[in-house]
Amino acid sequence: MTTVQEALPLPGGGVVKSSAVHGSLSASQPRQAGHSVLVVPVPELEAYVLERTRHYDDSFVSADPGFVHAHITVLAPFLPEPAASDLERVGKIAEAASSWTYGLTAVEMSAGGNIHLAPEPAAPFAALTAELYAAFPQCPPYEGRFDPVPHLTVDHIAGGADLESTRTSLGPVLPVRCLADRISLQWYANHDCRLIAEWHLGGRGA
């Protein structure tokens, strides 16, 4: 039995810290303060990521029907309490962008054991991150701790998964073509994951 002794990203975007055993939190596990994130939702992988989020900590399963757990982060953490002017700034960036299609095929693993899917092409996601960071310099991607490489987290080795098992479980799903058509502002907190705001790329349907 393996006890996790480090912060682990959940597939849905939450974080589990120490005392998690095989993905299940102990009763004394301290809860994390909430944070906001700007993401591109990936509804094509929602069923898979939702199941893996439940595996790690179902307090990060949202009851909000507009909330999509599967996503590619474009800026996190975002402002804890964005003002109307901040939301307007994000909206202008979304309106100036265009939607695009991308593929999810390769299952990869980072040095820290994060198992993820790499979008192809990745450049449009990186461009959104760069624009958002330029607009909100007080919000460095991942607080400057990691390079903002576009990815969709699907699992972690600390939860008992590995590359081979993840590739097998995703076999019926991959490869998949996806449409990046909106930016969502999501709130992540135990028992309070929800959609705050959403903007369609290019302004369509906004």
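What you see is a predicted model; the values in this text were computed from it and never measured.
Side-chain heavy atoms closer than 4.5 Å link hydrophobic residues (I, L, V, M, F, W, Y) into clusters, and following such links, even through other members, never connects L75 to L195.
In this model, a donor atom of one side chain and an acceptor atom of the other lie less than 3.5 Å apart for Y56 and D155. Side-chain contact of S59 with N190: a donor-acceptor pair under 3.5 Å is present, judged by distance alone. Counted by atom type alone, D64 and S62 present zero donor-acceptor pairs between their side chains at under 3.5 Å.
Closest approach of A134 and P137 over heavy atoms only: O-CD, 3.6 Å. Considering all non-hydrogen atoms of both residues, Q186 and V68 come closest at NE2-O, 3.0 Å. Nearest heavy-atom pair, D192 versus R194, reported as atom, atom and distance to 0.1 Å: OD1-NE, 3.0 Å.
Within the structure, salt bridge (Lys or Arg N to Asp or Glu O under 4.0 Å) pairs that include any residue of residues 110-124 do not occur (at least two apart or interchain).
Put simply, the side chain of L179 reaches to within 4.5 Å of the side chain of S99, judged on heavy atoms.
The structure places CG of D86 at 5.0 Å from CG of L79, a figure rounded to the nearest 0.5 Å. Here the OG1-CG distance, from T166 to L117, works out to 9.0 Å after rounding to the nearest 0.5 Å. Here L128 contributes atom CG and L38 contributes atom CG; the two are 9.5 Å apart, rounded to the nearest 0.5 Å.
At least one test fails for R177 against the ring of Y102: distance under 6.0 Å to the centre or angle within 45° of the axis.
Atom CD of Q138 has more than 12 heavy atoms from other residues, nucleotides or ligands within 6.0 Å.
At least one donor-acceptor pair under 3.5 Å links the side chain of T129 to the backbone N or O of V74. A distance-only check finds a donor-acceptor pair linking the side chain of H151 to the backbone of V149 [under 3.5 Å].
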**OP:** Run the numbers on F125 and W100 for ring-ring contact (aromatic ring centres under 6.0 Å, His included), then give the verdict.
**Re:** CA-CA 10 Å; F125 294 99; W100 71 91; 4.9 Å; yes
